[in-house]
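I have placed the structure first, in the form of structure tokens, so that the comments after it can refer back to it.
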Amino acid sequence: MLSTQFPWLTALILFPLIAALPIPLLPNKYGKTVRFYALGVGFIEFATMLYAFWKHYDLQATGFQLVESYPWLPQIGLNWSVGVDGISMPLVILSGLITTLALLASWKINDKPRLFYVLMLVLYSAQIGVFVAQDLLLFFFMWELELVPVYLLISNWGGEKRLYAATKFILYTAAGSIFILVAALAMAFYGGDFTFDIQALGLKDYSLTFELAMYAAFLLAFGVKLPIFPFHTWLPDAHSEAPAPVSMILAGVLLKMAGYGLIRMGIEMLPNAHAYFAPALAVLGVVNIIYASLTAFAQTNLKRRMAYSSIAHMGFVLIGLASFTTLGISGAMLQMVSHGLIAAALFFLAGVTYDRTHTLMMDKLGGMAKQMPTVFALFTAGSMASLALPGMSGFVGELTIFLGFSSSDAYSVPFRAVVVLLAAVGVILSPIYLLSMLRSVFYGNEGSALAKLSLTDANPREAFIAVCLLIPIIGIGIYPKLATQTFDTTTVALTSHARMVLPAIAHKPMLDFQSPMMSAPVIGAETKAALLD
Amino acid sequence: MTEFLVDSSWWVPVYGVLGAVVTLPWSTGLIRRAGSRPAAYLNIVMTVVALLHCVILWTDLWDLPALHVDIPWLKLFDLNLYFSIELSRVSLGAAVLITVLSLLAQFFALGYLEKDWALGRFYALMGFFEGAMTGIALSDSLFSSYALLEMLTLSTYLLVGFWYAQPLVVTAARDAFLTKRVGDLLMLMGVVALSAIAGTLDYAELTAWAETAELAPLTATLLGLALLAGPIGKCAQFPLNLWLDEAMEGPSPASILRNSVVVACGAYVLIRMQPILSLSPVVLTTLMVVGAITAIGASLVSIGQIDIKRALSHTTSAYLGLVFLAVGMQQDEVALMLLFAHALSKALLYMSVGSVTLTTSTQDLTEMGGLGSRMPATSLAFAIGSIAMVGMVPFGGFWAMQIWAERVTVGAPGLLLILLLVNGLTAFNLTRVFGLVFAGEPQAKTRRAPEAPWAICLPMVSLIVMCLLVPVMLLQWELLPSLASVRSPLSLAIIGSSVVGFGFGAFIYLNPAFEHPLGLGWKSMQDILAQDFRTDQLYRVTVVFAVRRGARLAAWFDRYVVDGMVNLIGVASIFGSESLKYTISGQSKHYLLTVVIGVILGIASLGWLF
């Protein structure tokens with residue numbers, strides 16, 4: 001399956017890795033060369049990505065595109081096979097955008113900058129690798145490759161409890177990801193032909209018990225990463241201790257790997273098991289939303305509060321994935337993209353605040369709006385997006401999930417009603433903790449940490465990063481098609497694939513959502529004629 | 001020309017938003033040298049353009065049936081989201097009213113916020129505010145109405161929080177947002193459910209659907225109650241009423257709009273949803289109970305206030321309660337008329353109050369007095385606004401109440417009592433405020449008060465003229481009841497209640513014999529009114545308590561149970577390895593012994609198992 005064209009995806013994966021090699025040798029006078037070099041690599045990578053998808057990706061086609069496949073270690077069946085479809089392409093772009101902005105956000109890293117940027121670039125490669133890998137073993141390899149830099153980044157450049165947080169992170173995610181390997185091996189050996197190719201694995205005919213066991217393994221692995229209650233406690237520690245650029249990537253991209261994995265391995269490869277697990281996913285989603293929202297409200301650390309808010313918002317993704325409707329699954333995709341942007345923006349702004357105040361305890365902050373109006377405005381915009389205000393991407397994502405789940409014919413009416421209502425309670429809780437966060441950080445009188453501290457407002461670089469994230473947030477909010485068109489052909493195919501196994505609804509028309517929400521006659525000919533008289 | 005204006009009618013809300021966008025260079029500080037004034041002027045120009053657009057459309061389309069225009073927004077599979085616009089007499093009239101008041105309020109702000117450094121930001125928010133409101137007026141689908149109501153929530157939050165360094169503002173902005181947001185989200189649930197049940201969210205189609213719909217009573221009730229929550233929050237009705245009172249900490253020009261047309265937007269959406277609400281008698285009853293409680297409760301509470309703006313804001317809730325009652329009796333036209341009369345007179349009252357607070361730098365009624373001779377235009381505005389608001393011939397409030405009394409009380413004469421009570425209490429309260437502010441002896445803060453500057457007086461005087469012209473407008477639109485009905489006992493009762501209210505008020509507050517009229521009455525009674533019947537305590541022991549306790553519990557559980565488990569495993573493994581360390585003695589006989597014991601134990605367990 002070797003395409004004749006330029007190997008775009010391989011190039012995208014390898015470029016940051018190779019570009020990271022000479023960093024230790026670069027002269028770093030005044031600490032500028034390395035950071036400009038890394039930033040340049042990031043921009044080139046992002047631009048190449050956009051160009052490759054713009055030129056060579058067909059939005060209307062369903063299957064995988066830009067496919068490449070080379071044998072790597074044929075002895076163990078490992079192939080370098082990569083490709084993108086509508087599920088992975090938006091996430092690749094998301095990781096490109098966020099990582100590039102994170103490189104720009106790490107301007108103030110003066111401690112061991114060479115190592116820092118090398119790790120960031122390796123992380124860049126690994127993220128793209130996870131999203132484009134079409135070989136389960138390669139996927140596992142990339143998944144592990146991404147853990148190491150994150151561990152080192154947190155343990156070297158983190159806050160006070162960085163070692164605890166980093167260890168917790170690596171233990172949790174490494175333990176979780178073992179299940180990916182176990183499942184991969186089990187599935188590869190199942191039946192006669194030995195293969196790690198994701199599509200070939202999806203075509204195998206597994207017994208139901210085996211499929212359920214595999215699904216459970218994947219759910220454990222991805223449940224730690226997403227994270228799903230009760231495997232979430234590494235996240236508040238890791239996010240709050242990590243330096244701001246790493247938090248951006250953690251919240252913006254790494255959590256989405258789990259959502260992506262659930263779609264790719266769960267719905268696509270194991271649809272029969274998905275039918276059994278879906279109600280549990282919906283329930284776990286609701287638990288995530290309410291539990292994490294409540295816990296968020298009780299946090300006094302700014303970044304911990306945002307970390308719990310991330311957990312709550314990822315709960316919506318679970319509900320969307322469980323919906324068996326095109327709207328629901330598209331909503332889950334939309335929510336992942338939107339949350340990636342919003343969480344990155346908020347964590348970045350928290351970092352901007354921390355740079356100046358050197359504390360994240362909200363009771364010590366306060367009244368910062370007077371000295372930092374720009375940060376205040378950007379923070380408010382980010383919070384509004386996060387609490388799902390119409391006109392911003394968070395609203396479209398959550399609304400689509402609500403609509404998708406409430407119109408799902410796979411569940412009984414009371415179950416749908418309860419899930420949607422409880423999720424709505426979570427949406428009511430999100431402004432409570434976000435507004436009280438804004439209130440205690442920015443409004444009112446100055447807090448104790450700010451006494452005798454002269455704060456400078458956001459500089460152009462910082463404002464630029466935040467605006468780069470807010471523009472797509474508002475763009476998607478006002479015109480959701482910007483994001484939905486990148487994945488809607490794939491989600492349609494995916495939903496019909498998932499529905500095939502539910503005998504009760506498999507043969508019903510898939511587009512069961514018969515309510516075009518708004519459709520009114522356009523100005524009729526007669527009235528127009530009457531007007532002209 | 002008309003066709004062009006119709007096709008571009010979606011621009012009407014956009015003008016305001018565009019005005020907000022063009023102020024960005026000033027509000028973000030890119031342009032510092034020129035000051036923020038140009039931002040203000042640009043916004044005023046945009047509002048004038050919006051006003052002209054509306055007025056021309058209004059006159060052109062006056063005799064035509066309602067027009068529908070669709071702008072596609074989101075197309076996802078079979079999901080088509082449009083921004084549908086309805087152009088009718090009512091919707092365009094509402095848009096004209098909003099733009100007129102917005103224009104006057106923005107002009108007013110030129111004087112009111114003359115020396116405020118964040119003028120650009122203020123005008124951006126006002127433009128946004130206006131855009132959202134005209135959007136609601138013209139919107140033809142429940143979905144876009146919902147989205148725009150949320151925009152109003154956002155702009156209220158930002159406008160109330162405009163002076164973000166003041167301690168009271170902090171909680172006021174947050175409470176305004178949270179209260180409205182709770183209502184909005186319940187409404188969203190209703191909208192989501194309705195879109196699945198009815199298959200449409202277009203008002204015209206919803207009305208047609210509601211005529212034939214057969215819903216289970218429970219479904220209809222839940223649906224209606226969810227939809228009702230949005231307007232209850234927006235119109236500051238019990239139990240979501242306290243945000244309006246707190247929002248009075250924001251700048252006065254925004255209060256003018258908030259108390260006149262913003263609350264009316266919520267009622268406007270309520271009126272448009274009325275066919276769906278009517279599907280369930282329980283919902284209509286709830287609507288009326290809420291309206292009645294708020295109308296009476298808020299009228300009483302307003303008497304106990306000593307903050308000049310809060311004293312008036314509660315009467316807004318009370319009048320909106322009357323509107324709720326009218327909608328509950330399915331008298332949409334009456335509701336619209338009352339909204340119209342109330343909006344103009346309330347805006348005038350707030351202009352007058354804004355002028356007073358600007359010159360005296362206080363909102364405390366106890367610090368005022370004797371302003372009548374010093375601020376003639378302002379006191380005239382207050383007087384005219386008061387008379388126009390309550391039922392006094394021949395002003396707007398009277399006609400609205402007359403029709404209310406004629407149509408709403410049919411079959412429910414008890415409602416007339418509510419109307420008379422609200423009217424009388426409002427008249428009393430307005431006289432009370434008038435007496436405390438404009439009559440009596442001047443105090444320290446009012447002694448040297450000059451009349452407000454022209455930028456404030458001009459919009460105020462224009463609004464006085466408009467208020468006086470309301471009966472003429474109603475006559476023009478053929479909305480006035482016949483003259484015969486005016487002589488009925490109903491109108492006598494309305495006028496009588498106003499006169500009683502005015503009389504009592506004048507007797508206490510315009511009478512030099514009472515030296516400290518504020519301290520009249522029982523202390524406990526006064527306290528309970530001043531504290532809004534302790535509604536905030538109700539919040540505190542219910543919702544706030546539940547959320548706070550829930551949050552604390554969840555955080556405790558998370559920290560000590562979920563995370564505690566994880567840390568326990570970590571500690572246990574460290575402990576295990578640390579204690580195993582001591583078995584490493586370096587002597588081979590110990591190792592041999594361990595191996596032997598291990599083998600024996602292993603064989604024994606195997607034998608026990610099988």
Side-chain angles (χ1 to χ4, degrees), chain A residues 168 229-230 232-233 291 294-295 297-299 326-327 330 367 369-370 373-374 376 380 384 389-391 396 399-400 402-403 406-407 420-421 424 427-429 431-432 435-436 439 442-445 479-481 484 488 492 511 513-523 527-528 530-532, chain B residues 2-3 6 28 64-65 67-70 73-82 84 140-141 143-144 146-147 150-151 154 158 161 164-165 167 169-171 173-174 177-178 181-182 185 188-189 192-193 195-196 198-202 204-205 547-548 550-555 558 562-563 566:
Chain A
K168 207 168 176 181
F229 174 88
H232 64 275
T233 51
Y291 178 82
L294 279 175
T295 317
F297 185 50
Q299 302 301 314
T326 339
L327 270 179
S330 301
K370 270 186 255 178
T374 313
F376 171 49
T380 308
M384 291 298 151
L389 193 83
V396 196
L399 175 74
T400 324
F402 278 140
L403 287 172
S406 64
S407 64
V420 170
L421 265 181
V427 185
I428 292 181
L429 288 172
I432 295 183
L435 292 189
S436 77
R439 182 183 64 90
F442 289 103
Y443 287 81
N445 290 321
Y479 193 66
K481 206 159 181 289
T484 57
D488 55 9
V492 170
L511 302 175
F513 188 61
Q514 295 296 357
S515 59
M517 279 188 64
M518 269 130 276
S519 49
V522 195
I523 303 181
T527 34
K528 260 198 179 166
L531 277 178
L532 292 175
Chain B
T2 312
E3 196 187 6
V6 167
T28 55
L64 293 177
L67 275 182
H68 298 275
V69 190
D70 289 332
W73 178 56
L74 167 65
K75 195 165 170 3
L76 191 66
F77 320 118
D78 55 345
L79 176 74
N80 284 310
L81 296 187
Y82 288 105
S84 311
D140 194 26
S141 89
F143 180 73
S144 33
Y146 159 75
E150 288 265 46
M151 292 290 119
L154 171 69
L158 295 173
Y164 44 72
V169 162
V170 178
T171 47
R174 182 200 59 188
F177 192 96
L178 287 182
R181 177 79 185 183
V182 169
L185 271 172
L188 176 64
M189 291 300 109
V192 168
S195 78
T200 176
L201 286 176
D202 188 275
E205 289 177 27
V547 169
R548 192 156 286 164
R552 226 172 270 164
L553 186 73
D558 198 60
V562 182
D563 207 24
V566 177

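Below, chains carry the letters A, B, ... as their sequence lines are ordered, and counting in each starts from 1.
Note: Tyr291(A) leads Tyr291(A), Phe229(A), Phe297(A) in heavy-atom pairs under 4.5 Å with chain B. When Leu294(A), Ile428(A), Thr374(A) are compared by the number of non-hydrogen pairs under 4.5 Å with chain B, Leu294(A) comes out ahead. Between chain A and the options Val192(B), Val562(B), Asp563(B), the largest number of non-hydrogen pairs under 4.5 Å is found for Asp563(B). Most heavy-atom pairs under 4.5 Å with chain A, from the set Val169(B), Leu154(B), Leu553(B), Val182(B): that is Leu154(B).
The shortest distance between side-chain heavy atoms of Thr484(A) and Ser330(A) does not fall below 4.5 Å. Within the 4.5 Å cutoff, side-chain heavy atoms of Pro431(A) are placed close to those of Phe177(B). Within the 4.5 Å cutoff, no side-chain heavy atoms of Tyr146(B) are placed close to those of Leu201(B).
Heavy atoms of Val566(B) lying under 4.5 Å from chain A belong exclusively to its side chain. At a 4.5 Å heavy-atom cutoff, the contact between Arg174(B) and chain A is made by backbone and side-chain atoms alike.
Aromatic ring pairs are classed by plane angle as parallel below 30°, tilted from 30° to 60° and perpendicular above 60°; the pair Phe376(A) and Phe442(A) is tilted.
Between the side chains of His232(A) and Asp558(B), at least one donor N or O lies within less than 3.5 Å of an accepting N or O.
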